[in-house]
Amino acid sequence: MKRTSNPIDELNRSRYSVTQNVLYCLHSTVQCCFPLLIWCALAILIQVLIPLLTTYLPKAVIDIVTAKRSFQELACVILVFMGTIAILSGANQFLTKYIYHQKYRMNTFYLKRVALKGLTTDYINQENGIFRKLQTESFECCNGNYSPLSNIYEVLIDLLTSVLGLSVFWAMLVRLNWRLILFLILTTLASYFLNQRILQWTAANNQERITYQQRIGYINRITGDLRSAKDIRLYRMAVWFSDLYKSNMGGLAGWYRRFAGKLFGVAVSEGGLALLRESAAYLYLLSLIWNGQLSVAEFLLYVNVVTGFSAWLGNLFAQVSSLNQINLKINYFRSYLEYPETFRRDDGLKPPADGCPKVIELKQVSYRYEGVDHFALRKINLTIAPGEHIAIVGLNGAGKTTLVKLICGLIDPTEGQVCYDGVDLREYNRVEFYKLFSAVFQQFSILPVTIEELVSERPAEATDPVRVQSCLTTAGLWDQIEQLPGGVKSHFGKTIYDDGIAFSGGEIQKLLFARALYKNAPVMLLDEPTAALDPIAEHTLYENYNQISAGKTSLFISHRLASTRFCDRILLMENGTVCEEGTHAELLALNGTYCTLFELQANYYREKTTEAEVSE
């Protein structure tokens, strides 16, 4: 992959300032865990007091020794100082560990926001590459106690500690020589601006790193995916995946090598500046003591003050750089949470709630996927009557699934209108609108829960067991479920549960069909629901279809044209348009594309039958 030279970061859409993001994090902490801020404030106070006492201790000891005071007084001063330092150090250790554990609550708070956004965002956002990258970055931003949103507490503690400590040491140094303070600030500022170059380079090249990490993450997930295990072994994909992993790890390592090179150059420059800073300060203080302007005790005090001032000043700029880096990550996080939503929700109309299907109408509907030049659908005009059973057929890529996604409101048309009961879908509360549809899609999601919970999509206490049994029976799966040791209480899959049940492809389709039946929505969407079924199960489904879909509108996508006979109307799609429509008999009589495709499929079965007869 080529290195990115364009400084524009298309992921950084929110572009909040550091101050705005710090206030955002503080506000979130107040909402979730306000005591955490109190513990952080105590940690700041303690971390200032410890070096202050450490700085004054040598001066106090030398003053007592040079003044030839009593040993008891010396011991008392040392014990007071050391005892206080010990108590404060213990309290600091406690607060460090306590704050570390409290950050876990904040991680959970932020992760919940990220997950909720992914679960509720407009479906079209999930098809957007930028959104998915932001989603990946957002999980990394708050996942773990060393994530950016967790580290901000340490950074703020160090930053405010440095500010408070600098204020105290400034007051001490300014009495000595203000030019020394100016020199220390200028040399430390030079180091800060060197570090800014690292931040700018990181921002300009961040997408390269993210892309490599996404690919590596995908490979890590797929290697542990049971559904992919057979293909990986049968097609010898292990070597291929290994090469891909090595290639992307090499690319990521190259990115970090370039990053390390930048860091090394800055570190060398910073080291030289630090040497210059410390040497100049020591020489100046030595000159003062040589000329009798400082006592030995004062010399030791100011040496510690200069060292502490330089350390705190350097730490201040370092934490500002860290905040700038964290700011970029938080901008990704907030860009994700604030990613625009176009569907109406609470402010939308509620669809009819009488449980009866209504007229569905598509008016001059066209759709084009983002980043694609051609239209997936073009100028579709279609009216579906309440309770009508529609079959949608056509070759791969004809636009069948896209049409169904438009009808159920998962996506909005690029041009034209999709209306339900005479109202444009854009006007409906989309969450309420989804309640009108039961669906079986080719790409599906099944949670590792009990079978009854899977069918009802509800917790066990909110599930109707009689209805679950009825739906599984209709789907042709009850006999197998009944024979399981746990029955409908058995867990699905082995992702989480060792005793989970692994179903075949056909059984999963029956399970999904039972889930659609349980929802009992006015409109049924079936996208290749029999693709993995055996001939007997498929025949049973066709025989029961009219009973299953009685009183409902249904859309049945299939490549098997013989399976469309039970539908009221068949739509043949080609190149994003409906090129033929009618009943099975009408389309055969038309002697068009549908007839040609049907004959091709029918001839295959006729040839098989003839071969079997000859062999007999």
Side-chain angles (χ1 to χ4, degrees), residues 1-15 114 117-140 203-219 221-222 244 247-248 251-252 255 328 331-344 362 364-380 392 394-418 425-426 430 441-445 527 557 573-578:
M1 177 177 289
K2 294 180 180 178
R3 280 183 270 179
T4 304
S5 58
N6 189 353
I8 297 175
D9 186 355
E10 61 180 348
L11 296 183
N12 189 1
R13 297 187 163 206
S14 294
R15 298 190 181 277
V114 174
K117 177 69 173 183
L119 290 170
T120 60
T121 190
D122 296 349
Y123 173 80
I124 191 63
N125 287 343
Q126 291 288 8
E127 293 187 343
N128 183 283
I130 297 297
F131 181 85
R132 291 198 304 274
K133 286 183 179 180
L134 284 172
Q135 192 172 35
T136 301
E137 283 295 293
S138 296
F139 273 113
E140 291 183 1
N205 294 271
N206 224 15
Q207 286 192 65
E208 179 185 351
R209 176 188 61 80
I210 293 169
T211 301
Y212 283 129
Q213 287 178 334
Q214 278 189 314
R215 293 173 181 172
I216 292 168
Y218 171 79
I219 295 171
R221 288 193 302 273
I222 208 71
L244 284 173
S247 171
N248 283 282
L252 186 61
W255 189 94
L328 180 64
N331 271 338
Y332 289 160
F333 175 81
R334 296 183 71 179
S335 294
Y336 170 73
L337 293 184
E338 296 164 9
Y339 205 88
E341 308 285 350
T342 57
F343 295 170
R344 287 180 178 271
L362 285 76
Q364 291 291 100
V365 168
S366 298
Y367 186 79
R368 182 175 60 197
Y369 287 96
E370 186 175 354
V372 179
D373 294 332
H374 65 276
F375 280 87
L377 294 178
R378 294 182 290 112
K379 304 296 181 184
I380 300 288
I392 306 173
L395 300 177
N396 291 329
K400 303 183 296 296
T401 301
T402 302
L403 178 62
V404 168
K405 288 195 291 186
L406 281 164
I407 288 172
C408 68
L410 288 175
I411 56 179
D412 283 337
T414 308
E415 298 173 2
Q417 286 182 308
V418 180
L425 262 58
R426 297 181 181 93
R430 201 60 63 102
F441 288 114
Q442 293 182 57
Q443 294 179 329
F444 53 84
S445 173
D527 189 356
I557 297 178
M573 298 193 67
E574 189 174 19
N575 298 323
T577 62
V578 177

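You'll find the side chain of V365 stays beyond 4.5 Å of the side chain of L403, heavy atoms only. Residues F441 and L410 form a side-chain contact, since some pair of their non-hydrogen atoms from C-beta on lies under 4.5 Å apart.
Annotation for P340 and N125: closest pair O-ND2, 3.3 Å, computed over non-hydrogen atoms. Closest approach of G399 to L377, counting heavy atoms only: O-CD2, 3.6 Å. Closest non-hydrogen pair, G118 versus Q126, comes out as O-NE2, 3.0 Å. Nearest heavy-atom pair across L406 and P413 is CD2-N, 3.4 Å. For the residue pair E137 and Y332, the shortest heavy atom distance occurs at OE1-CD1, 3.6 Å. Here the shortest heavy-atom pairing between L395 and K400 reads O-NZ, 3.0 Å.
For the pairing with N128, the side-chain contact (heavy atoms from CB on, under 4.5 Å) check across E370, Q135, K133 returns one residue only, E370. For the side-chain contact (heavy atoms from CB on, under 4.5 Å) test with K405, the passing option among I411, D412, D527 is I411; the others fail.
Every residue meeting the salt bridge (Lys or Arg N to Asp or Glu O under 4.0 Å) condition with D122, not counting sequence neighbours, appears here in chain and number order: R345. Here T136 pairs with E140, Q214 under the side chain to side chain contact (heavy atoms under 4.5 Å, CB included) rule; sequence neighbours left out.
Side-chain N or O atoms of Y369 include none that pairs as donor or acceptor with a backbone N or O of A376 at under 3.5 Å.
With values rounded to the nearest 0.5 angstrom, D373 atom CG is found 7.5 Å from R368 atom CZ. Rounding to the nearest 0.5 Å gives a distance of 11.0 Å between CD1 of I216 and CG of L244. Taking CH2 of W255 as the reference point, atom CD1 of I210 lies at 9.0 Å (rounded to 0.5 Å). How far CZ of R344 is from CZ of R426: 11.0 Å, rounded to the nearest 0.5 Å. Taking NZ from K117 and CD from E338, the interatomic distance works out to 8.5 Å, rounded to the nearest 0.5 Å.
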**Request:** Would you sort out whether E415 and K379 count as a salt bridge (Lys or Arg N to Asp or Glu O under 4.0 Å), showing the intermediate values?
**Result:** CA-CA 8 Å; E415 298 173 2; K379 304 296 181 184; 3.6 Å; yes

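The aromatic rings of F131 and Y339 stand perpendicular to each other, their planes meeting at an angle above 60°, with 30° marking the opposite boundary.
A salt bridge is defined here as a Lys NZ or Arg NE, NH1 or NH2 lying under 4.0 Å from an Asp or Glu carboxylate O, and E341 with R430 fails to meet this definition.
Side-chain rings of Y367 and F375 stay apart, their centers remaining 6.0 Å or farther from each other.
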